[in-house]
Chemist: 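I have a structure I would like to understand better, so I am pasting it below and will then ask my questions one at a time.
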Amino acid sequence: MRRRVIRSALAALCFSSALVFGAGATPAGAHGENAQEAFLRGQSLAWFDVQVSKTQVAQGETLDITGRVRVLSTYPSKNVPAPEIAYLTSNHPGASFTVRDRQIGGKFAPMVLQGLEIGATYPFKVTLAGRLTGNFHVHPSIAVKGAGQIMGPGAWVKVTENPEYKNEIILASGKKVNLENAFLGTQIFWHVLMLLPGALLIAYWLIPKPILWRSAYVNADPAPTGVEDFLVSKTDHRITYGLGALALIVTLAGAGYSKVAWPKQIPLQVRYTTPAPDPEPEKFIDVETPQASFDPGLNSLTMKIVAKNNGTSPATLTSWHLASSAFINKEIPESLQPVMPGNDCPAGFSEQYCAVSGPFYFTLDQAAPLAPGERRTFTLKATSKIWTERRLVPEAEAQTQMGGALRFVDDTGKENLADVKAELHHA
Amino acid sequence: MSVTNPELEKLRGSFLNGSGVSRRWDLLLVVSVVFVVIAANMLIHILTIGDWDFWVDWKDRQWWPTLTPVVLIVIPAGLQYIAWKKLRLPVGASIGSVLLFLGLLLSRTTNWGLWTELPVSYVMTSTTIPAAVILDCILLATRSFVVTSLVGSLAFGILFQPMNAVLFGAFWQPVDFHGTTFTLADVMGFNYTRTQTPIYLRIIERGTFRAFLEQISYVVAIFSGLLCIAGYWFGQMLGRVLAVNPAEQFLSGKKYLDQVDEDPPEATPLLVSAGLGASS
């Protein structure tokens, strides 16, 4: 019987160990954004010109994620809080990168953003440094308090080993500190000192003395005479108070050391940044998007667009920016194509992680640029499995409306961004 | 006082001869207590003070020292009640604090150091061990839960900052970072960004127009000490309701005897096995 129990326990241990260590973890290529409701993603923010400056860095080497983010005029303030309080960051797995700089609207944004304006576009830059080796998917993202995170387009970045990697910073006192193990030795030393009185007290009372057996004395009714002194002797008192004194001495010594070793200490800091948006360009395009429809069998989405060019030069619809994706007009020359992050898929990665990488295209039934003064109704058609893989179509949500922003560029290079809110008709 | 009571001598003899409750049961108890107390401590820690006692850039002067000791005194207080009331051992609070510390240390070094690869000093746990030892000393000296709750709990709260100043003081040093003055802890929070925990969720001292805020550490220490008195009694209640009362019921056999409508025995089985009891 005993042998059987031991054997079963060993088998269970082997099985659980095999599960933990043998199965292996699959690399994280997504950050949960596809689980968010499509209409909220589509109608809140749109990302433009997102670029990741390098696809491979060594540990400690920096790369920049740059681009523009637009708080759409369709922002669903009735569903989620307006972006009064927000946070710009980079989304990457764990601590694979360290953040070295964050800029939005031309300002350093170390902490909280406040007062993002609906309908405004902000340039941003996030500087990262490689930390852990491997391939990692990085995105810019903005979190809105009470709403959640809205992710921008991502790219794969490979971090290679640098044996001399350190993450050093210089304190105001002039001392250099490596953040990878900052003051860890001090913490361990003092933790051991503080553990000492507690561990000794426990050892004194539990190791040489019986434990459960004492309950017989304590609970005896009536209690035998002298039971208290029998259970707790004068020596016990002396040793316990001695350890109490040691605990107090260690505490005061630690507090004193802290004052002497680091005389200049300040409270944790809080900073709010109000970024300045890009000036809105003169509006030359009026757009309405009355309806859209989606064919799940073909993974094809069509959207009716009514646009009028109020400008003085022909304008072209170059792209549709929706959540962390962008669809590009297949007919436009390369010079008009929007900038997108690289889509290089790391070697050895299955299609599961890279198949949904772009670029994605749409076609127009009338591809010619919109002439000055012309009002035209045309149909956009985009066929891609990204619609279902990234769950971009709000077919079964509380608001079946497509969102995003359309980017028009005229012949002089001027840009207009038109926010989309198209009723989704079920085919 | 020398022990001359023949009843006690008889008991001492029964233990020394190996009769009564053996050390194997002690070992079983210790092993069980280690896991149960670590689990209970970790649960209450994570559910209540989580981030404050986790990230170095959440350990501020206001919320962290106010709330952390109040929560961390609960399990030690419960254990102190059990250990003193039933075993006359003045080490319950120390056991609670030491086990909490060891559990947290294990979690931070493995989950967060080895597997998530965050700098361990960034997620280093605080300590309450010296305060717990002092709490046990006060109980031993006064043999009164009331005095221990008033004096010991107050000390537990007040000593929290001095105990941890040496562990985290270095992280409150100023740094000139991109033209802004931050603490080293803030810079670590910026560097090792919590991608799914935006910084606006951080609840730390932000400043108010209230008086005495220059001396916030003293105000917080006293206030925390007062709150710790409530935490102490809550912990004692948990110890009584979850451990002592059920154990007494079990040892007396009352629960089972009530079911068969018989009178409870005069002596508990444990006392009888130890050679002592009302009937002996």
Side-chain angles (χ1 to χ4, degrees), chain A residues 85 87 89 91 94-95 98-99 108 110-112 132 143 145 169 171-172 179-184 187 190 194-195 197-199 201-202 205 210-216 218 220-221 224-226 229-232 240-241 243-244 247 250-251 254-255 257-258 262 264-270, chain B residues 1 3 5 7-8 15 20-21 25-26 29 60-61 86-89 91 94-95 98 116-121 124 127 129-130 133-134 137 140 159 162-163 165-167 169-170 172-176 178 182-183 185-188 190-193 195 198-200 204-206 271 274 276 278:
Chain A
I85 299 290
Y87 176 61
T89 189
N91 235 294
T98 55
V99 178
F108 176 49
M111 293 183 180
V112 182
L132 305 179
K145 189 173 185 184
I169 191 153
L171 303 175
L179 297 186
E180 293 295 330
N181 54 10
F183 299 100
L184 184 60
Q187 287 181 323
W190 282 97
M194 302 228 186
L195 174 66
L201 188 69
I202 293 169
W205 281 98
I211 304 172
L212 279 171
W213 173 82
R214 300 167 69 91
S215 71
V218 178
D221 187 18
T225 317
D229 293 322
F230 174 64
L231 290 171
V232 184
T240 306
Y241 298 149
L243 290 172
V250 170
T251 299
Y257 179 84
S258 171
W262 313 298
K264 185 69 186 166
Q265 296 179 9
I266 58 171
L268 295 183
Q269 298 294 297
V270 181
Chain B
M1 180 194 282
V3 178
N5 187 314
E7 217 168 5
L8 286 175
F15 170 71
V21 183
W25 286 101
D26 283 352
L29 175 75
D60 68 333
R61 298 189 304 182
K86 289 289 143 190
L87 302 167
R88 208 55 95 237
L89 284 170
V91 287
S94 302
I95 291 171
V98 166
T116 312
E117 301 190 64
L118 280 170
V120 175
S121 55
M124 182 56 83
T127 186
I129 295 171
V133 172
I134 291 166
C137 285
L140 180 64
L159 287 175
M163 273 184 297
V166 71
L167 299 170
W172 301 326
Q173 294 182 90
V175 179
D176 186 8
H178 290 281
F182 279 144
T183 63
D186 293 315
V187 175
M188 287 189 88
F190 182 90
N191 253 246
Y192 303 98
T193 186
T195 56
I199 198 75
Y200 52 66
I204 63 163
E205 173 194 358
R206 289 165 197 276
L271 292 180
L276 181 74

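Small disclaimer: the values here were computed from a predicted structure and weren't measured.
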Chemist: Of the listed residues (B/Ile95, B/Val120, B/Leu89, B/Leu159), which shares the most heavy-atom pairs with chain A below a 4.5 Å separation?
Modeler: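 Max contact count across the listed options: B/Leu89.
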
Chemist: Tell me, out of A/Gly244, A/Ala247, A/Ala199, who's got the most heavy-atom pairs with chain B below 4.5 Å.
Modeler: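 The answer is A/Ala247.
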
Chemist: As an exercise, state the distance from CG of A/Leu212 to NZ of B/Lys86, rounded to the nearest 0.5 Å.
Modeler: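 It comes to 12.5 Å.
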
Chemist: Flag the one option from A/Val250, A/Leu231, A/Leu195, A/Leu243 with the top tally of heavy-atom pairs under 4.5 Å to chain B.
Modeler: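 Among A/Val250, A/Leu231, A/Leu195, A/Leu243, the one with the most close pairs to chain B is A/Leu195.
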
Chemist: Any side-chain heavy atom of A/Val218 sitting closer than 4.5 Å to one from B/Leu87?
Modeler: no

Chemist: Return yes if some donor-acceptor pair links the side-chain N/O of A/Arg214 with the main-chain N/O of B/Arg88 below 3.5 Å, else return no.
Modeler: yes

Chemist: Heavy-atom pairs under 4.5 Å with chain B: which of A/Trp190, A/Phe108, A/Tyr257 has the most?
Modeler: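 Result: the option with the highest number of such pairs is A/Phe108.
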
Chemist: Would you say that B/Phe182 contacts A/Pro110 through its side chain, given a criterion of any heavy-atom pair below 4.5 Å between the two side chains?
Modeler: yes

Chemist: Is there a side-chain contact between B/Val166 and A/Gln187 in this structure, where contact means two heavy atoms from C-beta onward sitting under 4.5 Å apart?
Modeler: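 They are not in side-chain contact.
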
Chemist: Walk me through it: do B/Thr183 and A/Gln265 pass the test side-chain contact (heavy atoms from CB on, under 4.5 Å)?
Modeler: CA-CA 8 Å; B/Thr183 63; A/Gln265 296 179 9; over 6 Å; no

Chemist: Any side-chain heavy atom of A/Val270 within less than 4.5 Å of one from B/Tyr200?
Modeler: no

Chemist: Side-chain contact, heavy-atom cut-off 4.5 Å: A/Phe183 with B/Gln173?
Modeler: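 Yes, at least one pair of side-chain atoms sits under 4.5 Å.
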
Chemist: Write down the atom of B/Glu117, the atom of A/Leu132, and the distance for their closest heavy-atom approach.
Modeler: OE1-CD2, 3.5 Å

Chemist: How close do A/Leu201 and B/Ser94 get, heavy atom to heavy atom, and via which atoms?
Modeler: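 Here A/Leu201 and B/Ser94 meet closest at CD2-OG, 3.2 Å.
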
Chemist: B/Asp176 side chain to A/Ala172 main-chain N or O, any donor-acceptor pair under 3.5 Å?
Modeler: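 It does not hold such a pair.
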
Chemist: Contact part of A/Ile169 toward chain B, heavy-atom cut-off under 4.5 Å: side chain, backbone, both or neither?
Modeler: side chain

Chemist: For the pair A/Thr251 (side chain) and B/Pro162 (backbone), establish whether a donor and an acceptor sit closer than 3.5 Å, ignoring hydrogens and angles.
Modeler: no

Chemist: Of all the heavy-atom pairs spanning A/Ala143 and B/Pro198, show the shortest one and how long it is.
Modeler: CB-CG, 3.5 Å

Chemist: Where does B/Ile204 contact chain A at under 4.5 Å (heavy atoms): side chain, backbone, both or neither?
Modeler: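 Contact with chain A involves the side chain of B/Ile204 alone.
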
Chemist: Might you work through the side-chain contact (heavy atoms from CB on, under 4.5 Å) test for A/Leu179 and B/Tyr192, ending with a clear yes or no?
Modeler: CA-CA 9 Å; A/Leu179 297 186; B/Tyr192 303 98; 3.6 Å; yes

Chemist: Looking only at heavy atoms, which two atoms of B/Cys137 and A/Thr240 are closest? And how far apart?
Modeler: SG-O, 3.2 Å

Chemist: Please give me the minimum heavy-atom distance between B/Ala185 and A/Leu268, naming the atom from each residue.
Modeler: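 Of all heavy-atom pairs spanning B/Ala185 and A/Leu268, the closest is CB-CD2, 3.7 Å.
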
Chemist: Are A/Tyr241 and B/Leu140 packed together at the side-chain level, in the sense that at least one heavy-atom pair is separated by less than 4.5 angstrom?
Modeler: yes

Chemist: So, do A/Met111 and B/Asp186 sit near enough that their side-chain heavy atoms are less than 4.5 Å apart?
Modeler: yes

Chemist: Taking the side chain as every heavy atom from C-beta outward, state whether A/Val99 and B/Asn191 have any atom pair closer than 4.5 Å.
Modeler: no

Chemist: I'd like to verify something: which residue of B/Leu29, B/Thr127, B/Thr116 has the highest number of heavy-atom pairs under 4.5 Å with chain A?
Modeler: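 That would be B/Thr127.
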
Chemist: Specify the closest pair of heavy atoms between A/Ser258 and B/Gly169, including all atoms of both residues, with the distance to one decimal.
Modeler: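 Closest heavy-atom pair between A/Ser258 and B/Gly169: OG-CA, 3.9 Å.
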
Chemist: Taking every non-hydrogen pair under 4.5 Å, which of A/Pro267, A/Ala95, A/Gly94 racks up the most with chain B?
Modeler: A/Pro267

Chemist: Heavy-atom count check: over 12 atoms from other residues, nucleotides or ligands less than 6.0 Å from A/Lys145 NZ?
Modeler: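 For A/Lys145, atom NZ is not crowded (no more than 12 foreign heavy atoms under 6.0 Å).
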
